[in-house]
There are 2 protein chains.
Amino acid sequence: MASAMGSLHLDLKDCGNCPIRHRAVCSRCEPDELEVLEEIKYYRSYEAGQPILWSGDHMEFVASIVTGISTLSQTMEDGRTQMVGLLLPSDFIGRPGRETAAFDVVAVSDVTLCCFRRRPFEQLMTNTPHIGQRLLEMTLDELDSAREWMTVLGRKTAREKIASLLLIVARRDASLRKQLPGDGMVFDLPLTREAMSDYLGLTLETVSRQISALRKSGIIQLEGKRRVIVPDLQDLIAETGDDVDGGMII
Amino acid sequence: MASAMGSLHLDLKDCGNCPIRHRAVCSRCEPDELEVLEEIKYYRSYEAGQPILWSGDHMEFVASIVTGISTLSQTMEDGRTQMVGLLLPSDFIGRPGRETAAFDVVAVSDVTLCCFRRRPFEQLMTNTPHIGQRLLEMTLDELDSAREWMTVLGRKTAREKIASLLLIVARRDASLRKQLPGDGMVFDLPLTREAMSDYLGLTLETVSRQISALRKSGIIQLEGKRRVIVPDLQDLIAETGDDVDGGMII
DNA sequence: GAGGCCATTTGATCCGTATCAATGTCGCGC
DNA sequence: GCGCGACATTGATACGGATCAAATGGCCTC
């Protein structure tokens, strides 16, 4: 069904050349290519809760998230919604070669995007092949992640789903997490219970119950509603149902 | 985690130059590029039920399916399995730049692959940018499909899931379907009930029951266990829960 | 501090799908 | 033709998560 929008994880590094870190797009760029990127970029800001794109929207840009968190989701006619991606800083929004968005993008926290006008960006891509290569690598990684998430949605229990989500947040959002002595960790949940339920294909009540259950089992502790303390990460990993050997830790 | 293998839908056309139809990879190739492709390709055959790749396997090739059907799936420690992709003729297996397979690939029917040795193929990609561009387009399409499937897995009822799968098979496997007068269609299911359940995140019993239910409702008819007759495709579409307006028909 | 709003938790019950088990059907080799 | 095995259907029951409903807690405004 058509069209048009992906989130690509950009392995950004501060390149020292520019206020935003779009170095990954151009990590192998010559200085003059960097200048071209510089020329076609601009910024956009969105407040928490604000929609960034609706499915079907015309997109005149591709973008990289500088700060904040957004969700990528799909809503059925009757209102059932499924989150299909969680966009963190350095993730990529948009798709070269397509004009319309295929999913809804919503800012969960305040978000700043570094946008590149689509046409010039596509032009740049054809002129500098390694940008396309980098995008291909990132897209293939995203595809693997999406497929792994299918297993979560299709085969895991509610408890395993929650553990999997907590682990993803713990691993991906380096800025919000803090290592504890031993194999523990503290981090803040960027999502409401409802957003978590949209991600996991559950109801918000079930999410709440399972978080309580994990707390009662001593797997996690809560400080307020959003801060999660994991005394021993291995215990949480054990709850995901995943193969422990194959799993990369943090 | 991580790594390594994607299925990319190749829009193959018989190019008249070669017994297998790898034209899509090279639809914009110059004749001499075609010759290079010709040099690095070879064939492999697999019998129905045979594994093509196991997750973690070293892959020395990328390939395009010439004939037959394969599945892409993931199995948890305890045996729960989730199919994450259905590979039909013209689909692409493998991933340039990665050495190991991330998912299991199994031949459902007898399968013939047209393989390209990975290194030379990657070399070719860097020399002829439009091959990479084509792969990027295909991968982005696959990513969209994967995300749409997440909604099926996370939010649809068993009946809606079955209808969605039937529709996908009806739409994708042109070789096996036959248009009926009016808005009807006949096609053969390439999958066992168990494979369908793996795809849909259900049990095989539930699959069987829901197919029976659709039959009793008159949405579909069965001829034997595998041949499906859909008197009116619109009726089936109505069962998917999808937005009818947005749906492309066939 | 009172009141209101929103996110979250908790409780009671219902329903859809899983599970366990038996039966049916088709194709194939002997 | 018979029996076997693979695949599929159907039935009875259990259980996990959804649904409907109410209570709690934090935070903000007035």
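Below, each value reflects all heavy atoms present in this structure, side chains not excepted, and no hydrogens, waters or symmetry copies. Each chain gets a letter, A, B and so on, in the order its sequence line appears, and its residues count up from 1.
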Pairs satisfying side-chain hydrogen bond (donor to acceptor under 3.5 Å, both in side chains), at least one member in residues 206-217 of chain B, at least two apart
B/R159-B/S217, B/T203-B/T206
Qualifying side-chain hydrogen bond (donor to acceptor under 3.5 Å, both in side chains) pairs with a residue from residues 102-114 of chain A, counting only residues at least two apart or across chains:
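Non-adjacent pairs meeting side-chain hydrogen bond (donor to acceptor under 3.5 Å, both in side chains): A/T67-A/T112.
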With no hydrogens and no angle check, is any side-chain donor or acceptor of [X] less than 3.5 Å from a backbone partner on [Y]?
{"X": "B/R147", "Y": "A/M83", "result": "no"}
{"X": "B/W149", "Y": "B/Y199", "result": "yes"}
{"X": "A/S145", "Y": "A/D141", "result": "yes"}

Could you list all the salt bridge (charged side-chain N to carboxylate O under 4.0 Å, His left out) pairs where at least one residue sits in residues 56-75 of chain A, not counting sequence neighbours?
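Applying salt bridge (charged side-chain N to carboxylate O under 4.0 Å, His left out) to every pair that reaches into residues 56-75 of chain A, excluding sequence neighbours, yields A/R44-A/E60.
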Just grab all the salt bridge (charged side-chain N to carboxylate O under 4.0 Å, His left out) pairs involving residues 66-87 of chain A, residues at least two apart or on different chains.
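Every salt bridge (charged side-chain N to carboxylate O under 4.0 Å, His left out) pair that includes a residue of residues 66-87 of chain A, provided the two are not neighbours, is A/D78-A/R80, A/R80-B/E160.
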Contact class for B/G201 (heavy atom, under 4.0 Å): base, sugar-phosphate, or nothing?
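If one applies the 4.0 Å heavy-atom cut-off, B/G201 turns out to touch the sugar-phosphate alone, with no base involved.
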I need the CZ-C1' distance between B/R80 and C/dA18, as an integer number of Å.
13 Å
Nucleotide C/dT17, atom C1' - distance to NZ of B/K156 in whole Å
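After rounding, the reported distance stands at 18 Å.
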Are any protein N/O atoms closer than 3.5 Å to N/O atoms in nucleotides 8-12 of chain C? If there are, list each pair with its distance.
from	atom 1	to	atom 2	distance (Å)
C/dT8	OP1	A/R226	NE	3.3
C/dT8	OP2	A/R193	N	2.9
C/dT9	OP1	A/R193	NH2	3.2
C/dT9	OP2	A/R193	NE	2.8
C/dT9	OP2	A/S208	OG	2.6
C/dT9	O5'	A/S208	OG	3.1
C/dT10	OP2	A/S212	OG	2.8
C/dG11	N7	A/R209	NH1	2.9
C/dG11	O6	A/R209	NH2	3.0
C/dA12	N6	A/R209	NH2	3.4

Going 5' to 3' along DNA chain D, which nucleotides are the first and last within contact of chain B (any atom under 4.0 Å from a heavy atom)?
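That gives a stretch of D/dA8 to D/dA12.
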What do the steps show when you test B/S70 against B/I52 for side chain to side chain contact (heavy atoms under 4.5 Å, CB included), and what is the final call?
CA-CA 9 Å; B/S70 308; B/I52 295 176; 3.6 Å; yes
